[in-house]
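Heads up, the thing below is written out as structure tokens.
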Amino acid sequence: MIEKFEIMITPFQCMRTIHVYLPDNYNESQEQYPVIYMFDGHNLFSDYDATYGKSLNMEKFLNQYSQKMIVVGIECNHEENRRLIEYCPYYVNHSLLGEIKGEGDQLIKWIVYELKPYIDEHYRTDISRDATMIAGCSMGGLMALYAVSCYNRYFSKAACLSPSIGVGFELLKKDAQDSQMDENTKIFMSWGSDESRNKTGLAYATSRYLELSYLYTNKNVKTYPYLYVHGKHNEESWGQQLQIFMDYLWN
């Protein structure tokens, strides 16, 4: 079942909708559940709420999945280019996107220091690091990579679907190299073969994902770099990977 509530994102001084998935037997049990924090919460469960009319269909998947958990979906800011700014953890001058004064670090801090304590207080959660995951698609995937690198003491797992690593790639690499990361960390990174315009573009993108995977592996972090054949940069392709990344990260 899905619950929704409004909450203040204090660093941005604006209200935001949170979508919470609870297992069907939540009200009948006393179990404490693992938690996944996910970006673009409006695109997770309902085609009606989804930006482009197609969600990841996570509710249906989770209802039949063996591991029962809570998913906390955080809506993005839908105004103009605010999503890009909030979901970028760096200050960058991008060749195509221009100057981005990223506010992603403020958003991650809010998740860690305000949203997570709120969720832990109001829902029966397993508050441990081992039971806490972060995930996202596209710019949300970039944020998940940043969070698991720089706030690793809170997140033991990350699912990064088609993460926009081209936005601040050198800074992302530096964080992967410099951050203190627990060996008990798992990262799933995927990219679709049809996201690139040609084979040269695909080879270049693949080399970057593998470079990041290598940096994490050097820190004894477990990674799963996954090329999704015929995968596109959309919810349809990302939703088809649910079983793959959930099985890897939770088993």
Salt bridge (Lys or Arg N to Asp or Glu O under 4.0 Å) pairs touching residues 117-137, sequence neighbours excluded, are Lys116-Asp120

Using only heavy-atom distances, determine whether the side chains of Thr185 and Asn152 contain a donor-acceptor pair under 3.5 Å.
yes

Hydrophobic cluster membership, with links at side-chain heavy-atom distances under 4.5 Å among I/L/V/M/F/W/Y: are Val221 and Phe245 in one?
no

Side chains of Val71 and Met38, heavy atoms from C-beta outward: is any pair under 4.5 Å?
yes

For residues Tyr146 and Asp105, is any side-chain donor paired with an opposing acceptor at under 3.5 Å?
yes

Do Gln32 and Thr125 have side-chain atoms, one donor and one acceptor, less than 3.5 Å apart?
no

What is the minimum heavy-atom distance between Val148 and Met181, and which atoms define it?
O-CE, 3.5 Å

Would you tell me whether Ser149 and Ser179 have side-chain atoms, one donor and one acceptor, within less than 3.5 Å of each other?
no

Side-chain contact, heavy-atom cut-off 4.5 Å: Lys186 with Ser156?
no

Ignoring hydrogens and angles, state whether a donor on the side chain of Thr17 or His42 is under 3.5 Å from an acceptor on the partner side chain.
no

By side chain to side chain donor-acceptor pair (under 3.5 Å), which residues pair with Gln64, not counting sequence neighbours?
none

Can you list everything that forms a side chain to side chain donor-acceptor pair (under 3.5 Å) with Gln177? Sequence neighbours excluded, please.
none

Once you measure the plane-to-plane angle for Phe45 and His19, does it fall in the parallel (<30°), tilted (30-60°) or perpendicular (>60°) bin?
tilted

Pro163: partners by side chain to side chain contact (heavy atoms under 4.5 Å, CB included), with sequence neighbours left out:
Leu145, Cys160, Ile165, Tyr209

Could you pull out all residues at least two apart from Ser162 that satisfy side chain to side chain contact (heavy atoms under 4.5 Å, CB included)?
Glu195, His233, Trp238

For Met15, the other hydrophobic cluster members (4.5 Å side-chain criterion, sorted by chain and number) are Met8

Verify same cluster id: Met189, Leu56 (apolar side-chain graph, 4.5 Å)
no

Look at Lys173 together with Glu170 and state whether they make a salt bridge at an N to O cut-off of under 4.0 Å.
yes

Could you state whether Trp250 and Tyr21 fall into the same hydrophobic cluster, counting links through intermediate Ile, Leu, Val, Met, Phe, Trp or Tyr residues with side-chain heavy atoms under 4.5 angstrom apart?
yes

If I compare all heavy atoms of Lys68 with all of Leu62, which pair ends up nearest, and what's the gap?
NZ-O, 3.6 Å

Within one Ile-Leu-Val-Met-Phe-Trp-Tyr cluster: Tyr118 and Tyr37, side-chain cutoff 4.5 Å
yes

Check the hydrophobic clustering (I, L, V, M, F, W, Y; side-chain heavy atoms under 4.5 Å; chains of links allowed) and say if Leu142 and Phe188 are grouped together.
no

Apply side chain to side chain contact (heavy atoms under 4.5 Å, CB included) to Tyr248 and Lys222, showing your working.
CA-CA 10 Å; Tyr248 171 69; Lys222 298 178 179 67; 3.4 Å; yes

Chi angles and distances behind the salt bridge (Lys or Arg N to Asp or Glu O under 4.0 Å) call for Glu75, Arg16:
CA-CA 6 Å; Glu75 279 207 22; Arg16 195 66 53 83; over 6 Å; no

Correct closest heavy-atom pair for Tyr91 and Leu171 would be O-CD1, 4.1 Å

Minimum heavy-atom distance Glu28-Asp24, with the two atoms named
OE1-O, 3.7 Å

Are Tyr52 and Asp47 linked by a side-chain donor-acceptor pair shorter than 3.5 Å?
no

If the threshold is 4.0 Å, N to carboxylate O, is there a salt bridge linking Arg82 and Glu103?
yes

